[in-house]
Novice: 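Below is a structure I'd like to ask you about.
Note that the coordinates shown come from a computational prediction; the quantities given were computed from them, not determined experimentally.
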Amino acid sequence: MESAVTVSRDEAQTDFTYCYGAITEVQRCGPLDLHNGQKLLVLVIPGNPGVVGFYRTFIQTLYAMFGCHYPVWAVSHAGHCVPPASMDMIEDATSAADLDTFGLNGQVQHKLAFLRKHVPKETNLILVGHSIGCYIILEIMRKDPSLKILKAIMLFPTIERMALTPQGKVITPLLCHMRYLTYLSIFLLSLLPDRLKARLVKLVFAGIGALDHSVVQPTVGLLSGDSAANAVYMANQEMRTVLARDNMTIKRNLEKFIFYYGATDHWCPVQFYNEIKKDFPTGDFRLCENGFRHAFVLDAGKEVAKMIVEWIQTDLRI
């Protein structure tokens, strides 16, 4: 069963589907069905929370900058969205529990299942990962080398030693030792009326001068309860699982990667940029010179999209 929401032709279209047993939100610019000989898909894999509404401006800009020639999709993480009234969070509770769908490995399997279900094998892929989405891309490439990936853009990549980063040291105790207190806070926030949630979100974002206001409503949706709890559960596993960098997968696919590190990113510090650049001297590793924050979608979605298009123009001649 699927539910679709159609918007104007100039905007991304949103639909909800079950994938790997859980509700999944997909935003699409361009063709909604790739079984028509489409040669290339640009697929965005988000950070955590994996709410695709945060990336609406980003993917719309990518699509426009590509001259509307190539479809650009963003797929949410499993359970990181509010289901429409006609659908539930999961298809089958027992199956979701057995698969650990909302865990980190479950999210990797979820993306592989999405690709198998919605993307023909002959379709070339440009993957754009953000934060933990970059780790998921590495896992996708490791688990399924047959995928026709032309390029993998790794934005602010959290692919190693997450718990030891400056931000990880702060948040790990909350996620790993006081997780249920975090769940209680989420539950209490979920009880607030949406209007009050929106005011709180705007208050939190008040210090961001160039805020993309399209992120406000997705943030309010995140505070509904279940989706935020799923994001916390996934983050808990990230701190325990994302340890050593997967050098083997990087080495095997080095020519496909562009890594973009933040100059003041507390999730993947400059030290990590210097180390990976030293380990792979022929790789394409870039350090941000524009002052973009880790959560770039809050105020720089257009700018980052334009930058990516400049990077990969030659790779689109297929």
Novice: What's in the same ILVMFWY side-chain cluster as Tyr20, cut-off under 4.5 Å, chained through other members?
Specialist: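 Its cluster partners, ordered by chain and number, are Leu99.
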Novice: Taking 4.0 angstrom as the limit, do Asp284 and Arg286 come out as a salt bridge?
Specialist: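 Result for this pair is yes, salt bridge flagged.
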Novice: With Asp212, which residues qualify under salt bridge (charged side-chain N to carboxylate O under 4.0 Å, His left out), at least two apart?
Specialist: none
Novice: Tell me, which pairs form a side-chain hydrogen bond (donor to acceptor under 3.5 Å, both in side chains) where one or both residues lie in residues 159-170, sequence neighbours left out?
Specialist: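 Sorted pair list: Glu160-Arg245, Arg161-Glu275.
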Novice: Using the ring-ring contact (aromatic ring centres under 6.0 Å, His included) criterion, which residues pair with His130? Sequence neighbours excluded.
Specialist: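 Only Tyr55, His294, Phe296 meet the ring-ring contact (aromatic ring centres under 6.0 Å, His included) criterion with His130.
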Novice: For Lys256, I'd like to know if atom NZ has over 12 heavy atoms of other residues, nucleotides or ligands within 6.0 Å.
Specialist: yes
Novice: Determine which pairs satisfy salt bridge (Lys or Arg N to Asp or Glu O under 4.0 Å) with at least one residue from residues 130-148, sequence neighbours left out, and list them in order.
Specialist: Glu139-Arg142
Novice: The criterion is side chain to side chain donor-acceptor pair (under 3.5 Å); which residues satisfy it with Thr24, sequence neighbours excluded?
Specialist: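 So Thr24 forms a side chain to side chain donor-acceptor pair (under 3.5 Å) with His110.
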Novice: Take atom CD in Glu255; do more than 12 heavy atoms of anything else shown fall under 6.0 Å from it?
Specialist: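 Yes, because the 6.0 Å sphere around CD of Glu255 holds more than 12 heavy atoms from other groups.
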Novice: Tell me, yes or no, whether the heavy-atom count around Arg199 atom CZ, taken from other residues, nucleotides or ligands under 6.0 Å, exceeds 12.
Specialist: no
Novice: How about Phe156 and Tyr261: are their ring centres within less than 6.0 Å of each other?
Specialist: no
Novice: Ignoring hydrogens and angles, state whether a donor on the side chain of His213 or Lys202 is under 3.5 Å from an acceptor on the partner side chain.
Specialist: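 Checked: His213/Lys202 side chains show no N/O donor-acceptor pair below 3.5 Å.
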Novice: Hey, mind stepping through Arg56 and Thr14 against side-chain hydrogen bond (donor to acceptor under 3.5 Å, both in side chains) and telling me if it holds?
Specialist: CA-CA 10 Å; Arg56 175 174 285 268; Thr14 300; 3.0 Å; yes
Novice: Would you say the ring centers of Phe102 and Tyr233 fall short of 6.0 Å from each other?
Specialist: no
Novice: Could you measure the distance from the CZ atom of Phe257 to the CD1 atom of Ile137? Nearest 0.5 Å is fine.
Specialist: 8.0 Å
